[in-house]
Amino acid sequence: MSLLPKSSIRNLIVNRSMRPVCEQGLYQNISLPQHTYRSIRLLQTFLLRPDLALLVRHLEINFNFRIRFLQRRVPSPLQLDAVRAISLAKNIRSLSLLGHSDWMWEPGRDELRQVVSKMKLLRLELRILSDPSSGYHSAAGARSWKYPGRRDVDLGAEIRRVLQAQPSLEEFRLTNLVENIIPKIKASLQACLQASDIPSLKSLQATPELAVVLLPIARRLESLDLVLVAPNDRLVPEIKAAAIKLSIRRLTISIANYAHVFPSLREIEVRYEAVDDMAQGIPKVESQTVVDLKTACPLLEIVVDPEKGLWIFPVDLQSPRSWTPFFVGRVISAPQWPQEDLPAPK
């Protein structure tokens, strides 16, 4: 069942004998990062069918539906039951709550924080889209809502509190950060985060500025994804010093000049990120670039270029110490979430 596309599973679900098996295939991994109304409908389903909530292992939903309550565009009873709906998914091992991240620090979100802290997560993604000290305003018709902002929030301490509740966490993603809050988070994490807060961490996705803080204390780290907010070559020496005791085997980056920092790499993916509006398409990777990566990282086995081209390094049997990069083909990945959201309730 896991090998079937979800569209096929939906067709099979009409068969009563197949329905339980199909439901397990549909609900085990749920990714709705851009779909507010699908996220709402999912939580409604959890409330009506708690047995389906227990099937979920990976949950990625858009938490911006709270704004829709204020605009009267979703049923108001859900506002009272959203946290309870999430709490019914007791077997979640991977969690991403997208949208406004004030659930981490707002006093009125204690119940949700408690639910998340009780989960036994292996993977966690935090997307911090705003500065807690900056207010924002939402308006729809005659109804409006204003968030004044809070200057007493220590984001680094809040992130640490979330991590401390997950001692089994193996993958941590700290993404979509507003650039002006990165220095604040970095200074706070440097002051408070300890190795005992992330004892099981093996995979990290973060900006280079924050990776510098976590690398020295993430003693089991094997995979690193550096998210580039803006070009910053001055951080290369800092990352090299921070990672000197690590044996990182997999690296995902947007610029290749970080590769030499990790000579133990076995796999590298060069991801394209446009850091300005003048960027002209995805840059083409020539074979010489792949050769340079292999030279910098002698143990390298696989390279994935920005166009999703897969390169390997076959060994010459007559001369085992020589190698030539070989282009295998394109890596094809199907979308993990629906293409469109549900229509807004009328």
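- Nearest approach of Pro199 to Arg220, heavy atoms of both residues: O-CD, 3.3 Å.
- With rounding to the nearest 0.5 angstrom, the CD1 atom of Ile268 is 5.0 Å from the CG atom of Leu251.
- Here the side chains of Trp103 and Val116 are in contact, with some heavy-atom distance below 4.5 Å.
- Note that CD1 of Ile92 is 12.0 Å distant from CZ of Arg123, once rounded to the nearest 0.5 Å.
- Under the side chain to side chain contact (heavy atoms under 4.5 Å, CB included) criterion, Arg49 pairs with Glu23, Asp51, Leu52, not counting sequence neighbours.
- Qualifying salt bridge (Lys or Arg N to Asp or Glu O under 4.0 Å) partners for Lys240, counting only residues two or more places apart in sequence or in other chains: none.
- Using a 4.5 Å heavy-atom cutoff, the side chains of Val83 and Arg109 are not in contact.
- Nearest heavy-atom pair, Ser264 versus Ile248, reported as atom, atom and distance to 0.1 Å: OG-O, 3.0 Å.
- Summarising the geometry of Ala242 relative to Val212, their closest heavy-atom pair is CB-O, 3.8 Å, with the distance given to 0.1 Å.
- A donor-acceptor contact shorter than 3.5 Å links the side chain of Arg57 to the backbone of Leu55.
- Applying the under-4.5 Å side-chain rule to Ile, Leu, Val, Met, Phe, Trp and Tyr, the cluster around Ile302 extends to Val304, Leu310, Ile312, Phe326, Val328, Val331.
- Between Val153 and Glu158, the closest side-chain pair of non-hydrogen atoms falls below 4.5 Å.
- Distance check: Ile86 CD1 to Asp81 CG gives 11.5 Å after rounding to the nearest 0.5 Å.
- In terms of modelled atom types and a separation under 3.5 Å, the side chain of Ser39 and the main chain of Ile61 share no donor-acceptor contact.
- Residue pairs meeting the salt bridge (Lys or Arg N to Asp or Glu O under 4.0 Å) criterion with at least one partner in residues 288-297, sequence neighbours excluded, are absent.
- Between the NZ atom of Lys202 and the CD atom of Glu222 there is a distance of 5.5 Å, given to the nearest 0.5 Å.
- In this structure, the side chains of Ser94 and Leu122 stay at 4.5 Å or more apart for every pair of heavy atoms.
- A donor-acceptor pair under 3.5 Å is formed between the side chain of Gln166 and the backbone N or O of Leu121.
- A salt bridge links Glu269 to Lys308: at least one charged side-chain nitrogen sits closer than 4.0 Å to a carboxylate oxygen.
- For Glu171 and Arg173, the salt-bridge test passes: some basic side-chain N is under 4.0 Å from an acidic carboxylate O.
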Original post:
Given Leu88 and Leu47, is the side chain to side chain contact (heavy atoms under 4.5 Å, CB included) satisfied, shown in steps?
Top reply: CA-CA 8 Å; Leu88 293 173; Leu47 293 171; 4.2 Å; yes
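- In this view, Asp110 and Arg113 satisfy the salt bridge (Lys or Arg N to Asp or Glu O under 4.0 Å) rule, not counting sequence neighbours.
- Using a 4.5 Å heavy-atom threshold, the side chains of Leu42 and Ile30 count as touching.
- Taking the side chain to side chain contact (heavy atoms under 4.5 Å, CB included) definition, one finds that Ala165 meets it with Ser117, sequence neighbours left out.
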Original post:
Where do Glu307 and Arg330 land on the side chain to side chain contact (heavy atoms under 4.5 Å, CB included) test, with the steps shown first?
Top reply: CA-CA 8 Å; Glu307 293 184 308; Arg330 304 292 176 198; 3.6 Å; yes
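- Checked against salt bridge (Lys or Arg N to Asp or Glu O under 4.0 Å), Glu238 has the following partners two or more places apart in sequence or in another chain: Lys186, Arg234.
- In this structure the side chain of Ile198 never reaches within 4.5 angstrom of the side chain of Phe172, judged on heavy atoms.
- Under a 4.0 Å N-O distance rule, the pair Glu301/Arg266 qualifies as a salt bridge.
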**OP:** Report the C-alpha separation of Leu224 and Leu215 in whole Å, then their side-chain angles, then the decisive distance to 0.1 Å, and conclude whether the side chain to side chain contact (heavy atoms under 4.5 Å, CB included) test is met.
**Re:** CA-CA 9 Å; Leu224 177 63; Leu215 287 175; 4.3 Å; yes
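- Taking both residues in full, the closest heavy atoms of Cys297 and Phe262 are given as SG-O, 3.6 Å, listed atom of the first, atom of the second, then distance.
- Partners of Thr295 by side chain to side chain contact (heavy atoms under 4.5 Å, CB included), not counting sequence neighbours, listed by chain and number: Val291, Trp323.
- For the residue pair Leu201 and Ser203, the shortest heavy atom distance occurs at CD1-O, 3.5 Å.
- Looking at residues two or more places apart in sequence or on another chain, you find a side chain to side chain contact (heavy atoms under 4.5 Å, CB included) between Ala296 and His260.
- We find the NZ-CG distance between Lys184 and Leu155 to be 8.0 Å, quoted to the nearest 0.5 Å.
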Just distance, no hydrogens or angles: give the donor-acceptor pairs under 3.5 Å from side chains in residues 187-194, sequence neighbours left out.
residue	atom	partner	partner atom	Å
Ser188	OG	Asp154	OD1	2.5
Ser188	OG	Asp154	OD2	3.3
Ser188	OG	Ala157	N	3.4

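- In this structure, Asn91 contributes its side chain and Leu54 its backbone to a donor-acceptor pair below 3.5 Å.
- Residues Phe313 and Val303 meet the side-chain proximity criterion, which asks for heavy atoms closer than 4.5 Å.
- Looking at residues two or more places apart in sequence or on another chain, you find no side chain to side chain donor-acceptor pair (under 3.5 Å) involving Gln114.
- Atoms CE and CG, on Met104 and Leu97 in that order, are 10.0 Å from each other to the nearest 0.5 Å.
- Smallest separation of non-hydrogen atoms from Ile217 and Ala195: O-CB, 3.6 Å.
- Put simply, the side chain of Leu299 does not reach to within 4.5 Å of the side chain of Pro263, judged on heavy atoms.
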Subject >> Steps toward side chain to side chain contact (heavy atoms under 4.5 Å, CB included) verdict (Leu226, Ile239) >> reply: CA-CA 10 Å; Leu226 291 176; Ile239 290 178; 4.1 Å; yes
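- For the 3.5 Å distance criterion, the side chains of Glu125 and Thr175 qualify, holding a donor opposite an acceptor.
- Partners of Ser87 according to the side chain to side chain donor-acceptor pair (under 3.5 Å) rule, which considers only residues two or more places apart in sequence or in another chain, do not exist here.
- With hydrogens and angles left out, the side-chain atoms of Arg249 and Ser247 include no donor and acceptor closer than 3.5 Å.
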